[in-house]
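Structure first, commentary second.
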2 protein chains.
Amino acid sequence: MSRRTDKRAKLIRAAEDLNYQQGFRPTTLADIAQDAGVPLGNVYYYFKTKEDIGKAVISKRDEEINAFFVKLEEIIDPAVRIRAYIESNISDPEAIARYGCPIGGLCQELGKEGGILADQAAKLLHDIIKWTGKQFVALGISQEAAEEYALSLVSRIQGMNLLTLTFKDPSIATRQTQTIINWLESVVGNKVPAAQLAKEELAEAAY
Amino acid sequence: MSRRTDKRAKLIRAAEDLNYQQGFRPTTLADIAQDAGVPLGNVYYYFKTKEDIGKAVISKRDEEINAFFVKLEEIIDPAVRIRAYIESNISDPEAIARYGCPIGGLCQELGKEGGILADQAAKLLHDIIKWTGKQFVALGISQEAAEEYALSLVSRIQGMNLLTLTFKDPSIATRQTQTIINWLESVVGNKVPAAQLAKEELAEAAY
DNA sequence: GTCTATATACAGATAGAC
DNA sequence: GTCTATCTGTATATAGAC
């Protein structure tokens, strides 16, 4: 792996963390450069603008999400897949209490601005809803109902993440997650056990 | 009403709109001054800092919300009150598609920063959840269950608002609102009609 | 490819005449 | 109370030596 990709990757990683913790706008290129251990002026060798770093960050996250969904296909029961996704959201409840949802935060902040970055952020949620809808369809639910369920599910996760951040209370996330799982079971009509895949394995694959 | 309160009110109103449309940080004092028709330097006669304007904006909204809840007490059936609140959220679905939820946006943006403004924004959602919980209790639901329902309800509204913004699709808000009302009916055990109060009256009172 | 120095723009905030 | 001019800090972005 060349030096080029190495430094570039470090910058993306630093930007990823800072954008999540502080938001996209409040994060400065100086912040990113410092965290990545790269002099400020050198950043522009790898990225023409700040927006370009944002694009790279979101693209990377998009790939990770879709890779995670591929990983979840190893689970046979689509309902269990959905549950695994729901639980992956709270792999770190304390982080949600501090910084909220990495995806929801982006969509909220960038959604008002419009532009390419907003569209890219929207694609993240779009992919999640689409995948979730597919799982409901695989359970024998009609296309129309599946889409509504998927929208409801992602909506509830996002709302729960926002409340967890707002009240800085991780237990909101853990309790609401259980409520959402109960809802899932009522939708599919029977109990939905946790995935058999090792938790560590899922956490590692989680985006 | 003195000139002082007049200009001060204009500044708050301008800040309110701009903070909602652009977010708190991206909105500049120059923006606010211009929209209010006040020279930039004069802003500091009314507010010592930008944060002070933010505090005034959130305080005003908090008062409006609580005044709205008082207004809703005119409705006899608590379940109908809750429905009226749910529907008040989408009095302007197009605005949600453009700018999201005025309260959720603040909590998301300020929640990461911490500080007094974040606490004040959190109080908005806190008041809403508290009021909603009281209505469920008035329906004969246990305190514990009522609190969970209130959290679920506000969570779903917030998530729905975020998705509406993200995909810039007002129909997400209208459709999900119906889903939430269906959920409300399943919780209370029977149909919940829309409020008898004139829609205009409610819309006017809405925060 | 790397890094220092700096240009440029614009934000919040202040000074002081009126 | 009001408004113009300006200070000060800091952000993105560039120039150019190495």
Side-chain angles (χ1 to χ4, degrees), chain A residues 1-58 105-106 109-110 112-118 120, chain B residues 1-58 106 109-110 112-118 120-121:
Chain A
M1 196 174 275
S2 72
R3 274 232 185 70
R4 175 182 169 90
T5 43
D6 191 46
K7 277 205 179 177
R8 196 186 146 88
K10 272 187 182 161
L11 284 166
I12 292 176
R13 175 157 217 141
E16 195 175 354
D17 289 346
L18 289 165
N19 286 350
Y20 173 43
Q21 293 164 12
Q22 307 182 328
F24 176 71
R25 268 173 177 279
T27 296
T28 70
L29 291 171
D31 288 339
I32 296 170
Q34 185 169 30
D35 272 30
V38 173
L40 175 57
N42 200 1
V43 170
Y44 288 89
Y45 177 76
Y46 296 97
F47 300 97
K48 261 210 320 286
T49 64
K50 184 186 177 184
E51 192 177 352
D52 277 348
I53 301 187
K55 286 185 199 168
V57 168
I58 300 178
L106 280 173
E109 185 179 4
L110 301 174
K112 297 188 183 200
E113 296 183 14
I116 296 174
L117 270 185
Q120 242 187 307
Chain B
M1 195 173 275
S2 72
R3 276 235 184 67
R4 176 182 169 91
T5 43
D6 190 47
K7 277 204 179 176
R8 197 186 145 89
K10 271 187 183 161
L11 285 166
I12 292 175
R13 175 157 217 140
E16 195 175 353
D17 289 346
L18 289 165
N19 285 350
Y20 172 43
Q21 292 163 12
Q22 307 182 327
F24 176 71
R25 265 173 178 281
T27 297
T28 69
L29 291 171
D31 289 339
I32 296 170
Q34 186 169 30
D35 272 29
V38 172
L40 175 57
N42 200 1
V43 171
Y44 288 91
Y45 176 74
Y46 296 98
F47 301 96
K48 262 209 319 287
T49 65
K50 185 187 178 183
E51 192 177 353
D52 277 347
I53 301 188
K55 286 185 199 167
V57 168
I58 300 178
L106 281 172
E109 185 179 5
L110 301 174
K112 296 188 183 200
E113 297 183 11
I116 295 175
L117 269 185
Q120 243 187 305

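Note on naming: letters A, B, ... go to the chains in the order of the sequence lines (proteins, then strands), and numbering restarts at 1 for each one.
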Return the value, rounded to whole Å, for the distance between atom NZ of K50(A) and atom P of dT14(D). 15 Å

Rounding to a whole Å, what distance do you find between R25(A):CZ and dA11(D):C1'? 11 Å

Between P of dT2(C) and CG of L11(A), the distance in whole Å: 10 Å

Would one find more than 12 heavy atoms of other residues, nucleotides or ligands at under 6.0 Å from atom CD of Q34(B)? no

Taking only residues two or more places apart in sequence or in another chain, which ones pass side-chain contact (heavy atoms from CB on, under 4.5 Å) with A118(A)? L110(A)

Between P of dA13(C) and CD of E51(B), the distance in whole Å: 9 Å

To the nearest angstrom, how far is Y44(B) atom OH from dA13(C) atom P? 4 Å

Could you state the CG-P distance from D31(A) to dT10(D), rounded to the nearest angstrom? 12 Å

Which of these nucleotides, dT2(C), dC3(D), dT14(C), is closest to any side-chain atom of K7(B)? dC3(D)

Can you tell me how far the NZ atom of K55(A) sits from the NZ atom of K48(A), to the nearest 0.5 Å? 7.5 Å

How long is the line joining CD of Q34(B) and P of dC3(D), in whole Å? 15 Å

Would you please confirm or rule out a distance under 4.0 Å between OP1 or OP2 of dT2(C) and any side-chain N or O of Y45(A)? no

Phosphate OP1/OP2 of dG1(D) contacted by Y46(B) side-chain N/O (<4.0 Å): no

Distance check, rounded to the nearest 0.5 Å: I32(A) atom CD1 versus I53(A) atom CD1? 4.5 Å

D17(B) and D35(B), any side-chain heavy atoms less than 4.5 Å apart: no

List, with names and distances, any nitrogen or oxygen atoms from the protein found under 3.5 Å away from nitrogen or oxygen atoms belonging to nucleotides 4-9 of chain C.
none

Within this structure, what is the CZ-to-P distance between R8(A) and dG1(C), rounded to whole angstrom? 12 Å

I12(A) side chain near F47(A) side chain, heavy-atom distance below 4.5 Å: yes

Between P26(A) and E109(B), is there a side-chain heavy-atom distance shorter than 4.5 Å? no

